[in-house]
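Inspection log for the structure reproduced underneath, given as structure tokens.
Residue numbers start at 1 and run along the sequence shown. For the numbers below, each heavy atom of this structure counts, side chains included, while hydrogens, waters and symmetry mates do not.
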Amino acid sequence: MIYFAKWKVIMILAVCALGVLFVAPNFLNVKQAESLPSWMPHKQLSLGLDLQGGSHLLLEVKVDSVLNDGLEALVDTMRTALRKARIRYGELGIDGLGANVSIKDVGKLEQARQLLKRLDSSLEINISSSGHIRLEMSEKTIRERRIAAIEQSIEIVRRRIDETGVREPTIQRQGEDRILVQLPGIDDPERIKSLLGKTAKLTFQLLDTNSNAVEVKSSGRVPPGTKLMQSYSYSDQYFVVKRRVMVSGEMLTDARSSFDQNGMPSVSFSLTPEGGKRFGRVTARNIGKPFAIILDGKVVSAPTIQSQIFSSGQITGRFSVNETKDLALLLRAGALPAPLTVMEERSVGPGLGKDSVESGKLASIIGMFLVVLFMLVTYGLFGVFANIALFINITLILSLLSILQATLTLPGIAGIVLTMGMAVDANVLIFERIKEELK
């Protein structure tokens with residue numbers, strides 16, 4: 001007579017009972033599952049894009065803008081360094097993948113070369129006898145910056161999507177400069193596209209009070225070291241902003257939707273200790289002067305500095321409550337290093353997903369019924385034992401999928417149906433061998 005230790009029997013029964021307990025919430029709707037007592041499991045299977053519907057997006061990273069931003073920053077640094085060294089220069093600007101400058105005093109050409117070389121050791125410097133200097137990025141530097149921009153974009157996209165609460169998204173690189181995003185079960189795909197399409201690059205910069213924005217706009221002549229920027233809320237309003245960034249969005253630690261003193265929607269932010277110190281120094285030196293809060297190259301607001309500001313502040317403008325929530329989400333997730341454009345968009349409707357689920361259920365029921373019937377007709381009482389084991393097997397698979405929050409897709413359903421047949425394979429072999437021995 002076969003003997004099983006009691007502890008083994010108890011352990012097997014306990015595992016089976018836990019499997020039934022964890023799979024039970026899948027037979028309830030979402031509200032019923034959430035209303036279960038806290039001590040009971042309430043996790044349900046997470047359905048994939050092909051089962052519950054959603055969006056499929058293919059995004060392209062505009063990597064060239066990263067290189068251009070780096071060159072613009074390099075030109076500003078060159079201008080500051082040459083002025084401090086009192087080296088006369090001209091024709092400073094960007095040309096292709098490099099920055100050019102002409103040194104007026106040829107006798108200071110070597111001094112200028114040494115000075116510019118220290119700005120960025122990865123740049124290649126070419127000098128002509130006429131005093132023309134060109135700083136150019138090498139192929140290795142360009143390749144490294146492109147890869148870094150793609151990787152950072154993927155991470156920022158992941159953070160933004162995680163903030164929205166989308167479950168089990170698929171985010172992966174495709175090709176050299178594209179990102180594949182699959183979002184199952186989202187209710188508002190346009191909002192997701194809007195969130196992913198915004199660069200959310202936030203900077204604080206001083207305004208040039210010596211220039212008139214209307215005159216600069218009409219003449220097209222922007223003073224050196226400044227930029228002409230459009231208003232975020234009014235398309236016909238412009239500001240002349242100094243290029244030097246006081247504080248950037250990378251120094252933000254938190255951003256929340258709030259209301260200002262007048263009860264209007266706004267975004268409250270907090271800065272890192274380093275950002276707070278820098279902001280405090282700049283605002284202390286410029287009390288009474290206006291500064292611009294710039295988002296994605298547009299001026300959100302241009303308040304006047306009334307007193308020294310340190311680690312926190314508010315961004316006000318013509319925002320709705322939902323816009324402040326989205327803006328706070330974007331600032332918390334971080335700015336994209338480069339703009340994203342939607343190259344391809346496909347939507348899977350929930351009706352298709354429901355049909356897929358129903359078809360999968362029907363296939364599973366038919367497959368289980370045929371397997372159970374075959375085992376009963378062929379092996380009698382032993383077939384009953386095999387069917388009980390099959391039921392427990394399927395229950396444990398579904399309970400593990402629920403516990404791990406693994407994504408169930410159509411191929412997954414096909415795998416479960418195949419498992420039903422394979423689960424009794426060992427039983428068939430054993431039972432056939434028993435038949436042969438009895439004969």
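- Thr253 places a side-chain N or O within donor-acceptor distance of the main-chain N or O of Ser270, the cut-off being under 3.5 Å.
- Distance CD1/Ile94 to CG/Leu135: 12.0 Å, rounded to 0.5 Å.
- Proximity of Lys242 to Leu207: side-chain heavy atoms (C-beta onward) are nowhere separated by under 4.5 Å.
- Taking 4.5 Å as the limit, some side-chain heavy atom of Met78 sits within range of a side-chain heavy atom of Leu116.
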Leu401/Ile397 under side chain to side chain contact (heavy atoms under 4.5 Å, CB included): CA gap, chis, key distance, verdict: CA-CA 6 Å; Leu401 289 174; Ile397 290 175; 4.2 Å; yes

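- Looking only at side-chain heavy atoms (C-beta outward), Gln111 and Leu115 stay at 4.5 Å or farther from each other.
- What you find for Leu340 and Leu59 is that their closest heavy atoms are CD1-CD1, 3.9 Å.
- Using a distance-only test at 3.5 Å, with no hydrogens or angles considered, no donor-acceptor pair links the side chain of Asn262 to the main chain of Met264.
- More than 12 heavy atoms of other residues, nucleotides or ligands shown are found within 6.0 angstrom of CD on Glu110.
- Between the CD atom of Gln205 and the CD1 atom of Ile294 there is a distance of 3.5 Å, given to the nearest 0.5 Å.
- In terms of modelled atom types and a separation under 3.5 Å, the side chain of Arg173 and the main chain of Gly175 share a donor-acceptor contact.
- Checked for salt-bridge contact, Glu155 and Arg159 meet the test: a charged N lies under 4.0 Å from a carboxylate O.
- Summarising the geometry of Arg134 relative to Gly98, their closest heavy-atom pair is NH2-N, 3.5 Å, with the distance given to 0.1 Å.
- Rounding to the nearest 0.5 Å places CZ of Phe239 at 8.5 Å from OG of Ser301.
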Test salt bridge (Lys or Arg N to Asp or Glu O under 4.0 Å) applied to Glu72 and Lys227, step by step: CA-CA 11 Å; Glu72 287 185 358; Lys227 278 184 178 181; 3.5 Å; yes

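- Looking only at side-chain heavy atoms (C-beta outward), Lys298 and Asp296 stay at 4.5 Å or farther from each other.
- The two residues Glu323 and Ser320 have their closest heavy-atom pair at OE1-N, 2.9 Å.
- Contact record, Ser102 with His132: OG-ND1, 3.5 Å, taken as the closest heavy-atom pair.
- In terms of modelled atom types and a separation under 3.5 Å, the side chain of Ser153 and the main chain of Ala149 share a donor-acceptor contact.
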Residue pair Arg83, Tyr89: steps toward the side chain to side chain contact (heavy atoms under 4.5 Å, CB included) verdict: CA-CA 9 Å; Arg83 284 180 178 177; Tyr89 65 90; 3.3 Å; yes

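- With sequence neighbours left out, the side chain to side chain contact (heavy atoms under 4.5 Å, CB included) criterion links Lys217 to Leu228, Tyr238.
- Applying the ring pair (Phe, Tyr, Trp, His ring centres under 6.0 Å) test to pairs two or more places apart or on separate chains, those with a residue in residues 242-272 are Phe204-Phe269.
- Annotation: the span from Met246 atom CE to Leu206 atom CG amounts to 4.5 Å, rounded to 0.5 Å.
- Using a distance-only test at 3.5 Å, with no hydrogens or angles considered, a donor-acceptor pair links the side chain of Asn286 to the main chain of Val282.
- By the 4.5 Å heavy-atom criterion applied to side chains, Val157 and Val181 are counted as neighbours.
- Among residues two or more places apart in sequence or in another chain, the side-chain hydrogen bond (donor to acceptor under 3.5 Å, both in side chains) test is passed with Ser211 by Asp208.
- Put simply, CE on Met229 and CG on Leu295 are 11.0 Å apart, with the number rounded to the nearest 0.5 Å.
- Here the closest heavy-atom approach between residue Leu21 and residue Pro41 is recorded as O-CG, 3.5 Å.
- Counting heavy atoms from C-beta on, the side chains of Thr324 and Ser258 never come closer than 4.5 Å.
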Worked check of salt bridge (Lys or Arg N to Asp or Glu O under 4.0 Å) between Arg146 and Asp64: CA-CA 8 Å; Arg146 285 179 177 273; Asp64 290 340; 2.9 Å; yes

Check against side chain to side chain contact (heavy atoms under 4.5 Å, CB included), Val241 and Val299: CA-CA 9 Å; Val241 182; Val299 179; 4.2 Å; yes

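- In this structure, Thr170 and Gln172 have side chains that are in contact, with non-hydrogen atoms separated by less than 4.5 Å.
- Distance check, rounded to the nearest 0.5 Å: CZ of Arg243 to OG1 of Thr203 gives 12.5 Å.
- Without hydrogens or angle criteria, Arg178 side chain to Glu60 main chain gives no donor-acceptor distance under 3.5 Å.
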Trace of the side chain to side chain contact (heavy atoms under 4.5 Å, CB included) decision for Leu18 with Val15: CA-CA 5 Å; Leu18 287 174; Val15 171; 5.7 Å; no

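- Partner Glu136 forms a side chain to side chain contact (heavy atoms under 4.5 Å, CB included) with one of Ile142, Ile125, Asn126 and no other, that one being Asn126.
- A salt bridge links Asp254 with Arg256; the closest basic N to acidic carboxylate O contact falls under 4.0 Å.
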Verdict with reasoning, Asn26 to Ser402, per side-chain hydrogen bond (donor to acceptor under 3.5 Å, both in side chains): CA-CA 8 Å; Asn26 291 287; Ser402 300; 2.8 Å; yes

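- Counting heavy atoms of neighbouring residues, nucleotides and ligands inside a 6.0 Å radius, atom CD of Glu91 does not exceed 12 of them.
- Checked by atom type and distance alone, the side chain of Thr80 pairs as donor or acceptor with a backbone atom of Asp76 at under 3.5 Å.
- Contact of the Leu396 side chain with the Val23 side chain is not registered, since no non-hydrogen atoms from C-beta on lie closer than 4.5 Å.
- Closest heavy-atom contact between Val247 and Gly275: CG2-O, 4.1 Å.
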